[in-house]
Amino acid sequence: MTLCLYNTLSGRVEPFIPINPPDVTMYVCGVTVYDDCHMGHARAYVAFDLLKRVLTQCGYRVKHIQNFTDIDDKIIDRAQAQGESTTALTQRYIAAYHRDMGALGIIPAEAYPKATDYMPQMIDAIARLIATGGAYHINGTVYFRVGGCATYGELSNKDVSQLQNGARVEVDPSKAHPMDFVLWKPSKVGEPSWDSPWGPGRPGWHTECVAMVHATLGEHIDIHGGGADLVFPHHENELAQAKCLSHAPFANVWVHNGFIMVNDQKMSKSVGNFFTLRDVFSRYEPAVLRYFLLKTHYRAPISYSTETIDDAHAAYTRLASVLDRQDYDAAIPASKQGAFEARKAAFWQALYADLNVSVAIEQLFGVYDLIHAHGCGVSVLRELGQAIGLFDDESGQVPTVIRQLAADRIVARRAKAYERADQLRWAIGLGGYDLEDTRDGGYHVHKRHERCLMCDCRVESAVTVDADAGGDMDGIVGQETCIGCGFVWMVTLGFWRHMSAKSDAEKREQCRSVLVEGVVMGGFFYKTPQWLNAASAVYAKPGSHRLFYLNNNRIVGVNTQEV
RNA sequence: GGCGGCAUAGCCAAGUGGUAAGGCAGGGGUCUGCAAAACCCCUAUCCUCAGUUCGAUUCUGAGUGCCGCCUCCA
């Protein structure tokens, strides 16, 4: 089976043939580090992460390089506005990039070269371009001569004479031709600058990638990639420079990913319709976002909305739920092997066909059905999912206290002590877990994903058992902490059971109606000797607690205390 | 103005010259101490028109609509 990829340069899907197998060289354009990463970045790097995983599956040794553009106008403006150095600013956002992409399960590149670390190489490249007539120097500025490159426009399929020059941006009158672009620009007073034969200044954007590709991977690489918005002018300009610097073809395959759309419009900084990954992670687990980005083919646009990501959330949650079924983790009998193998084969066949993830994920659901039908094979689902970076963060670690509660419940249930069994079920629920009985009399627990009562962000659940637990089980305390606003609420099983509302949903709503009255952040219910009539709530802020005394669900007193 | 892409059920989304995967949501049922889960069943003449063909959603042409690039952008 041969991997086939769509090549922007040829406009066709073609078999992927490495230059020096089993090595594969891949350069992916990285981010300009002056802000947090947004959904568009996630989409791009999830796409290339998938490509890298599939290449690895093919048996290739992938050397993947991805740059950080850490010097440009936006970075300088942002740093000046915030009164800090460009270095401090870029270091912070490079760290943020690694944090966010790590959460998404992106396999790190082999190296992340920074533009500022390749100044000598860029200056050398520009000097060579001038020497060959591919570029010219006017008053401290160096321009690339587009007219000097016969094949200019081949990547983006553009005819230079047909472009609307200056349609949306003013053309610099000193250029020899409107399409010529800046390779080196002089710096203004107070801006970071590097010495060069053309005076102090800094490089234009398009040169860094060429210099870094040459320095880290060589003059001829297998794959060059990035978002579709980079095709023109960025990659076109890179290609033109590379061709003037070397006779090598630069990159064999150009791979570009599609956009994230919001209300049928491209998500972009300038439009302002973007969501940072931090925002999204506060509501959805990174794994859900990865699934969401993965399930649509990498070149197709993905429309982002609450509806589409909730849809993905539901699908992913169902798929992942079976991973908790330790009872289904048995070895697959020989008679069933064929069905699982067929799914695996179809999975890889789909990915080899220009990364057809939709069909690959269909196989995941097929395996899911097989697992339920035959009571085995969880390992196959885990293996295939992990091959595309899903399920990596499934810790599957159920807290000891939850395990104990579940074990106690099954004892009670078998003894038909249903009232106690139900109390234990509630207790497990308070800790953020759901318990399900299985057909054969067993059970399993899985984490439940709740939303914050205050802001609708994700919450982390925990359950604790006081020393006096047992008996009426009032000592069982569930706690939820919002990762968005920091809201904390806590309720004992006794309190929960004696609330007037009937359903859990109504009880939650009742807790909420009490809590919102006082406040903004944080808090928990806790039992008092007379908790039925006068429960107290403690609201927590960093560094202090505030105790809200409640009576008949109304706040009757407040007491702040230092922690 | 130039170039490119897309139009498939309520929503998301594959795919093939021979009458359409999968997911989500919805409806009905089986099972069940409770609660779930699971399982079964149901929901599309694939934007319009013309052409090629024995046969097109799939190929060709025209049209309509939407999107992207031609500015920084993943």
Side-chain angles (χ1 to χ4, degrees), chain A residues 8 11 28-32 34 37-48 66 69 72-74 153 156-171 179 205 225-234 236 256-261 264-271 274 291-292 295-297 299-303 305 307-319 321-322 324-325 346 350 353 356-366 368-369 371-373 375 413 416-419 421-422 425-426 428-429 434-439 443-444 446 448 504:
Chain A
T8 305
V28 179
C29 281
V31 293
T32 299
Y34 70 102
C37 291
H38 58 72
M39 291 283 291
H41 298 121
R43 196 327 202 212
Y45 303 118
V46 163
F48 285 96
Q66 186 172 310
T69 297
D72 92 324
D73 292 350
K74 291 188 294 297
S156 55
N157 195 23
K158 290 188 190 309
D159 179 345
V160 177
S161 66
Q162 295 297 317
L163 295 174
Q164 282 194 335
N165 299 312
R168 291 154 75 184
V169 78
E170 204 174 328
V171 175
M179 289 306 297
W205 179 38
D229 44 2
L230 298 182
V231 176
F232 190 92
H234 185 53
E236 192 71 69
H256 294 97
N257 63 273
F259 303 126
I260 295 286
M261 314 294 285
D264 292 327
Q265 218 187 357
K266 176 189 166 189
M267 174 181 284
S268 76
K269 290 257 174 136
S270 50
V271 178
F274 65 95
Y291 176 84
F292 171 74
K295 78 182 181 56
T296 301
H297 188 264
R299 282 186 285 115
I302 295 180
S303 83
S305 68
E307 193 181 7
T308 56
I309 194 165
D310 278 345
D311 179 300
H313 186 197
Y316 179 75
T317 303
R318 183 161 86 93
L319 199 56
S321 70
V322 77
D324 293 334
R325 298 292 298 263
N356 189 336
V357 182
S358 302
V359 171
I361 287 177
E362 177 186 336
Q363 307 315 313
L364 257 32
F365 280 94
Y368 175 93
D369 290 342
I371 291 170
H372 281 294
R413 180 170 181 257
K416 298 203 189 300
Y418 292 127
E419 192 184 346
D422 286 347
R425 174 188 287 289
W426 282 326
I428 290 164
D434 282 332
L435 181 147
E436 289 175 26
D437 291 319
T438 59
R439 206 164 297 188
Y443 65 92
H444 65 95
H446 58 86
R448 190 180 58 226
D504 279 6

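Labels below follow one simple rule: chain letters A, B, ... track the order of the sequence lines, proteins then strands, and each chain is numbered from 1. Excluded from the calculations below are hydrogen atoms, water molecules and symmetry mates; all remaining heavy atoms, backbone and side chain alike, are included.
- A:Leu230 CG to A:Glu236 CD: the interatomic distance, rounded to the nearest 0.5 Å, is 12.5 Å.
- Summarising the base pairing, B:A9 is matched to no nucleotide, lacking a Watson-Crick or G-U wobble pair whose two defining distances lie under 3.5 Å.
- Atom CG of A:Asp310 is separated from atom P of B:G23 by 19 Å (rounded to the nearest Å).
- Within 4.0 Å (heavy atoms only), A:Lys416 reaches no atom of the nucleic acid at all.
- Nucleotide B:C70 holds its P atom 13 Å from the NE2 atom of A:His234, rounded to whole Å.
- As judged by a 4.0 angstrom heavy-atom cut-off over every strand, A:Phe365 is placed among residues touching the sugar-phosphate backbone only.
- If you check every strand for non-hydrogen atoms under 4.0 Å, A:Gly258 touches a base.
- In this entry the distance linking CZ of A:Arg325 with P of B:A36 reads 16 Å, nearest Å.
- Contacts of A:His297 with the nucleic acid, taken as non-hydrogen atoms under 4.0 Å apart, involve only primed sugar atoms and P, OP1 or OP2.
- With respect to A:Asp422 and A:Arg413, no salt bridge is recorded, no charged nitrogen being found less than 4.0 Å from a carboxylate O.
- Across all strands shown, A:Thr296 has heavy atoms under 4.0 Å from sugar-phosphate atoms exclusively, and none from any base.
- Residue contacts for A:Leu319: at a heavy-atom cut-off of 4.0 Å it reaches no nucleic acid atom on any strand shown.
- Each of A:Phe48 and A:Ser303 was assigned the nucleotide of RNA chain B with the nearest heavy atom; the assignment lying further toward the 5' end belongs to A:Ser303.
- If you check every strand for non-hydrogen atoms under 4.0 Å, A:Asn257 touches a base.
- A:Asp434 places its CG atom 9 Å from the P atom of B:A37, with the value rounded to the nearest Å.
- With hydrogens and angles ignored, a donor-acceptor pair under 3.5 angstrom links the side chain of A:Asp311 to the base of B:G23.
- For B:G1, the paired base is B:C70 (Watson-Crick or G-U wobble, both distances below 3.5 Å).
- Judged by distance alone, with hydrogens and angles left aside, A:Arg43 brings no side-chain donor or acceptor close enough to the base of B:A74 to form a pair under 3.5 Å.
- Residues A:Thr8 and A:His256 have side chains that bring a donor and an acceptor to within less than 3.5 angstrom of each other.
- With rounding to the nearest 0.5 angstrom, the CD atom of A:Gln363 is 11.5 Å from the OG atom of A:Ser358.
- Side-chain atoms of A:Arg439 and base atoms of B:C31 include no donor and acceptor less than 3.5 Å apart.
- Along RNA chain B, the nucleotide nearest to A:Met267 and the one nearest to A:Ser156 differ in position, and the one closer to the 5' end is contacted by A:Ser156.
- Contact annotation for A:Lys269: no contact, since no heavy-atom pair falls under 4.0 Å across all strands.
- Heavy atoms of A:Asp422 sit under 4.0 angstrom from at least one base atom.
- Atoms CD (A:Glu436) and P (B:A35) sit 13 Å apart, rounded to a whole Å.
- Separating the CZ atom of A:Arg299 from the P atom of B:A14 is a distance of 11 Å, rounded to the nearest angstrom.
- Here A:Glu307 lies in heavy-atom contact (under 4.0 Å) with sugar-phosphate atoms only.
- Across all strands, A:Gln265 comes closer than 4.0 Å only to sugar-phosphate atoms, never to a base (heavy-atom distances).
- The side chain to side chain contact (heavy atoms under 4.5 Å, CB included) with A:Lys266 is formed by just one residue from the set A:Val271, A:Ile260, A:Asp229; it is A:Asp229.
- With hydrogens and angles left out, the side chain of A:Lys158 and the base of B:C69 share a donor-acceptor pair within 3.5 Å.
- Looking at heavy-atom distances under 4.0 Å, A:Phe259 makes contact with a base.
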